[in-house]
Amino acid sequence: MTLDRRNFIRTSLGSAALATVAACTGTSGGSNKNEHAGCGKNGLPYNPKAKLNISFQQWTLAGDVLKEKLDFMEKLGVNGLEVGGKGLSGRVDELKQALEGRNIKISAICAGFEGFMLSEEDSVQNACLNSMKEIITAAGKLGSTGVIIVPAFNSQKPVMPHTQETRDFLCRWFDDLGTFAKENGTTVILEPLNRREAFYLRQVADAASICRDINNPGVTCLGDFWHMTWEETSDLGAFVSGGKYIQHVHIASRKRRLMPGEDGEADNYVDGFRGLKIIGFDKYISFECDSKAEDRNASAAAGVELIRKQWEEA
């Protein structure tokens with residue numbers, strides 16, 4: 001069968017989106033493919049629930065004073081703050097006070113756990129489990145969208161082999177942790193990385209399939225534009241494959257992992273944003289990057305402007 005663009009969209013998005021796709025591509029009898037509600041640019045469907053929320057990690061901006069960073073974020077309209085998980089339980093009151101009265105909420109919690117899940121040593125696995133539960137408890141108190149976790153980095157040894165038995169173990173482990181997260185009003189977020197950083201979970205679809213198999217609302221995943229640059233053939237396809245399981249997004253420049261825009265024309269996220277609009281993503285797109293700019297904060301501001309412009313183009 002020959003797959004033209006219209007047929008590819010139909011087969012990729014599934015039956016739930018067929019009616020919208022038909023309207024957007026003109027097959028429903030409408031005179032203008034973009035005149036229908038739920039149709040984005042280029043004739044692709046979008047979910048009106050989709051919303052752009054931008055988040056900074058706590059170390060995105062220059063300086064050491066959190067209040068000054070939050071003041072600058074508010075001026076930019078950045079409404080999410082991603083913090084690290086290490087020592088988070090001791091920072092709950094500090095962060096609540098810092099955000100009181102502001103239009104900024106805690107987005108995801110970036111790792112900070114001890115050990116690693118796929119260790120062959122029980123003591124290392126238990127360290128990971130116990131520290132994750134401590135972080136999850138604090139994340140729930142802060143109203144966070146979830147705690148990010150990587151099953152194992154390439155440097156972590158000895159590690160369980162890449163087998164079906166390991167995947168089954170991972171599913172059981174995450175099911176239990178996801179239930180604990182849901183009881184605390186948050187989630188755990190699986191992060192796919194590029195092959196230079198992790199052997200396990202390299203594509204968004206891999207993480208989403210684990211979420212699907214576990215079928216626990218406390219288990220979610222994220223898409224990271226930096227890692228996707230090296231592992232995905234389509235940003236749009238990656239996010240559509242993640243679907244309802246996408247809980248968080250990381251973004252950086254696409255050559256050097258700097259502020260969006262610091263790598264010039266390479267920093268194009270429109271295709272991915274189209275995918276996020278299709279699935280109705282309304283959580284946070286969070287800066288996870290360094291900067292080579294002379295003025296780090298000015299570069300962050302330019303990155304925010306670029307993201308907003310490209311979101312509108314999507």
Side-chain angles (χ1 to χ4, degrees), residues 55 57-60 80-95 106-160 162 166-167 169-194 196-202 204 206-207 210-211 214 216-224 226-227 245-250 283-284 286-288:
S55 168
Q57 290 186 330
Q58 187 172 342
W59 40 89
T60 297
L81 175 67
E82 180 178 335
V83 298
K86 187 174 183 179
L88 185 64
S89 59
R91 299 189 61 203
V92 171
D93 290 340
E94 170 205 344
L95 290 168
I106 297 293
S107 58
I109 307 301
C110 189
F113 52 90
E114 300 174 7
F116 66 104
M117 181 199 313
L118 295 184
S119 172
E120 291 185 335
E121 300 175 356
D122 290 343
S123 60
V124 178
Q125 287 181 14
N126 290 335
C128 183
L129 178 63
N130 293 334
S131 59
M132 276 295 293
K133 285 186 173 182
E134 180 179 338
I135 297 169
I136 286 169
T137 301
K141 293 177 181 178
L142 290 166
S144 169
T145 56
V147 180
I148 299 167
I149 183 171
V150 174
F153 290 91
N154 287 338
S155 61
Q156 293 176 314
K157 309 286 182 182
V159 65
M160 298 171 69
H162 199 301
T166 296
R167 190 182 190 280
F169 167 83
L170 185 149
C171 287
R172 292 193 300 270
W173 205 93
F174 268 124
D175 191 18
D176 291 342
L177 199 61
T179 297
F180 181 81
K182 206 61 187 172
E183 291 171 350
N184 282 272
T186 187
T187 69
V188 289
I189 306 175
L190 293 169
E191 180 174 17
L193 303 181
N194 71 74
R196 291 172 293 182
E197 297 185 35
F199 78 97
Y200 212 103
L201 287 186
R202 294 186 292 103
V204 174
D206 293 335
I210 290 173
C211 296
I214 295 172
N216 184 325
V219 181
T220 64
C221 64
L222 68 79
D224 184 314
W226 166 253
H227 299 298
Y245 302 110
I246 300 290
Q247 185 77 351
H248 195 60
V249 172
H250 278 158
K283 303 299 191 299
Y284 293 93
S286 190
F287 281 42
E288 185 180 51

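Bear in mind the structure is a predicted one, so any value in this text is a computation, not a measurement.
- Contact annotation: the side chain of Tyr200 approaches that of Arg167 to within less than 4.5 Å [non-hydrogen atoms, C-beta and beyond].
- Rounding to the nearest 0.5 Å places SG of Cys211 at 9.5 Å from CG of Asn216.
- A pairwise comparison of heavy atoms in Val219 and Gly178 identifies CG2-CA, 3.8 Å as the closest pair.
- A donor-acceptor distance shorter than 3.5 angstrom exists from the side chain of Ser55 to the backbone of Gly80, with no hydrogens or angles considered.
- Here the CG atom belonging to Asn154 is positioned 8.5 Å from the CG atom belonging to Leu193, to the nearest 0.5 angstrom.
- A donor-acceptor pair under 3.5 Å links the side-chain atoms of Gln156 to the main chain of Phe153, judged by distance alone.
- Using a 4.5 Å heavy-atom threshold, the side chains of Val150 and Leu201 count as separate.
- Applying the side chain to side chain contact (heavy atoms under 4.5 Å, CB included) rule to Glu120 yields the partners Pro158, Met160, Pro161; only residues at least two apart in sequence or on another chain are considered.
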Practice item. Could you please spell out the steps behind the ring pair (Phe, Tyr, Trp, His ring centres under 6.0 Å) verdict for Phe199 and His162? Key: CA-CA 8 Å; Phe199 78 97; His162 199 301; 5.6 Å; yes
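- Contact between Trp226 and Asn194 at its shortest, heavy atoms only, is NE1-ND2, 3.7 Å.
- Side chains of Ser155 and Glu197 form no contact here, defined as non-hydrogen atoms less than 4.5 Å apart.
- Residues Thr220 and Tyr245 come closest through the heavy atom pair CB-O, 3.4 Å.
- Checking Ser286 against Glu82 by side-chain atom types alone, a donor-acceptor pair falls below 3.5 Å.
- Considering only heavy atoms from C-beta on, Gln57 comes within 4.5 Å of Cys110 through its side chain.
- A donor-acceptor contact shorter than 3.5 Å links the side chain of Thr179 to the backbone of Asp175.
- Contact of the Val249 side chain with the Lys283 side chain is not registered, since no non-hydrogen atoms from C-beta on lie closer than 4.5 Å.
- The backbone N or O of Phe116 lies less than 3.5 Å from no partner atom in the side chain of Ser119, so there is not a single donor-acceptor pair.
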Review point. Please walk me through it: do Tyr284 and His248 pass side chain to side chain contact (heavy atoms under 4.5 Å, CB included)?
Key: CA-CA 6 Å; Tyr284 293 93; His248 195 60; 4.0 Å; yes
Check your understanding: Can Leu142 and Val92 be said to form a side chain to side chain contact (heavy atoms under 4.5 Å, CB included), step by step?
Key -> CA-CA 7 Å; Leu142 290 166; Val92 171; 4.1 Å; yes
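- Side-chain atoms of Ile210 and Cys171, non-hydrogen and from C-beta on, do get closer than 4.5 Å to each other.
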Point to revise | Residues Leu190, Leu222; criterion side chain to side chain contact (heavy atoms under 4.5 Å, CB included); working and verdict | key: CA-CA 6 Å; Leu190 293 169; Leu222 68 79; over 6 Å; no
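- One distance of note links CZ of Phe174 with CD1 of Ile149; it measures 4.5 Å at 0.5 Å rounding.
- Gln125 and Trp173 make their closest contact through O-CZ2, 4.2 Å (heavy atoms, listed as atom of the first residue, atom of the second, distance).
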Review point. How far apart are the C-alpha atoms of Gln58 and Leu81, what are their side-chain angles, what is the distance that settles it, and do they pass the side chain to side chain contact (heavy atoms under 4.5 Å, CB included) test?
Key: CA-CA 6 Å; Gln58 187 172 342; Leu81 175 67; 4.2 Å; yes
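- For the atom pair Asn184 CG and Thr137 OG1, the distance stands at 4.5 Å (nearest 0.5 Å).
- No side-chain donor-acceptor contact under 3.5 Å links Thr145 and Gln247.
- Listed here is the closest heavy atom pair of Ala139 and Val147: CB-CG2, 3.7 Å.
- Ser144 contributes a side-chain N or O that, together with a main-chain N or O of Ser107, makes up a donor-acceptor pair within less than 3.5 Å.
- Atoms CD1 and CD1, on Ile189 and Ile148 in that order, are 5.0 Å from each other to the nearest 0.5 Å.
- The NZ atom of Lys86 sits 13.0 Å away from atom CZ of Arg91, with the distance rounded to the nearest 0.5 Å.
- Taking 4.5 Å as the limit, every side-chain heavy atom of Met117 sits out of range of all side-chain heavy atoms of Leu177.
- Judged by distance alone, the side chain of Ser131 and the main-chain N or O of Glu114 form a donor-acceptor pair under 3.5 Å.
- In terms of heavy atoms, Ile246 sits closest to Gly223 at CD1-N, 4.4 Å.
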